[in-house]
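These notes concern the structure reproduced below.
Numbers restart at 1 for each chain; the letters A, B, ... are given by sequence-line order, proteins then strands.
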Protein chains: 2
Amino acid sequence: MPLDRLAAMFKALSHPQRLKIIQKLCGCCAPGAACTTRADGLRCCAGDLGADLGLAASTVSHHLKELRQCGIMEVQRCGQRVECWINPAALGQLTAFLAGAVSMHPAATGGGHGRSKR
Amino acid sequence: MPLDRLAAMFKALSHPQRLKIIQKLCGCCAPGAACTTRADGLRCCAGDLGADLGLAASTVSHHLKELRQCGIMEVQRCGQRVECWINPAALGQLTAFLAGAVSMHPAATGGGHGRSKR
DNA sequence: CCTATGTTTCGATACATGTCGAAACATCGA
DNA sequence: TCGATGTTTCGACATGTATCGAAACATAGG
């Protein structure tokens, strides 16, 4: 995974509103899961996110685009609405980078340069 | 950990050059560790980083400030030079956030909303 | 076909970021 | 004290970002 792409993903997480979106989507559903009904309060269409965040629809759309373009989120048109969900694998790549870096660090448990590298 | 601080840390990681710095510093040393001598190629003073990245000294200084202000990196003047090193705990907080989010996700292994929540 | 609802695109505005070179600051060694 | 070396701050510039409202697009339902 090239550093440019990792940096782009980290950039998508570099805004509090987008972190809120992540949290909400992670407490939410895969597409087509049972919980996509609104009654559960778990539905993840763009408008609901905007209401939660107190942002204009256009601003939310902008944030979703950021998250989508770097692969952290995916969307699907579903009638009038656009449902969105997290791609956990993308977040996994970020964790892998961070964990990998720390494990190289001498302070890592088992600690020596490159021991248990990766 | 408030979202604002997490976002600030992610922002510090949102640039490829800064990720390179992280990688280099993680392959490097805690302050005062034996490997701070240059012979090992492991020394982490600002100038060496600049040479590696091909950036002007002032630009490197700017990047280090970013990483320092959000707690990801720490520095210490050591004679003429400024040695810098990673704070692994800060990276750990980012991993914790990501891992925590993913574990909430229905696709997480063991997978149901909030099962094995944290 | 028309209207209502939800989303995206467009244009504008204010602010932040990355980069450089020049100048200032800090420390060492003669 | 003076010069050499390393780092930071300053000013400038170009580019990117967050936000909004208005307008355009998409879909559902009468």
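Atom pair B:K11:NZ and C:dT17:C1' shows a separation of 9 Å (rounding to whole Å applied). Regarding A:R81, its CZ atom lies at a distance of 16 Å from the C1' atom of C:dT8, rounded to whole Å. Rounding to whole angstrom units, CD of residue A:Q76 and P of C:dT8 are separated by 13 Å. Rounded to whole angstrom, the span from the CD atom of B:Q69 across to the P atom of D:dT8 amounts to 12 Å. C:dG6 atom P lies 17 Å from atom CG of A:L55, rounded to whole Å. Rounded to an integer number of Å, the gap from A:Q80 CD to D:dA26 C1' is 9 Å. Following rounding to the nearest Å, B:K65 (NZ) and D:dT8 (C1') show an atom-to-atom distance of 8 Å. For B:F10 and D:dT17, the CZ to P distance is 18 Å, given to the nearest whole Å.
Side-chain atoms of A:V82 lie closest to C:dT8 of the nucleotides C:dA22, D:dC20, C:dT8.
Closest of all the heavy-atom pairs between B:C84 and B:V75 is CB-CG1, 3.8 Å. For B:L13 against B:L19, the heavy-atom pair with the smallest separation is O-CD2, 3.4 Å.
Looking at heavy-atom distances under 4.0 Å, B:A46 makes contact with sugar-phosphate atoms alone, never a base. Using a 4.0 Å heavy-atom distance criterion, A:A56 is classed as a sugar-phosphate-only contact. Among the atoms of the strands shown, base atoms are found under 4.0 Å from some heavy atom of A:H62.
Note on B:D52 versus B:K24: salt bridge recorded, some NZ/NE/NH1/NH2 to OD/OE distance being below 4.0 Å.
With hydrogens and angles ignored, a donor-acceptor pair closer than 3.5 Å exists between the side chain of B:S58 and the base of C:dG21.
When atom types are taken as modelled, the side chain of B:R68 and the backbone of B:G71 share no donor-acceptor pair closer than 3.5 angstrom.
When the nearest nucleotides of DNA chain D are assigned to A:R77 and A:Q17 by heavy-atom distance, the more 5′-ward of the two goes with A:Q17. Between B:S61 and A:H63, the residue whose closest nucleotide on DNA chain D is further toward the 5' end is B:S61.
Between B:H15 and B:H63, the ring planes lie tilted relative to each other; the angle falls in the 30° to 60° range.
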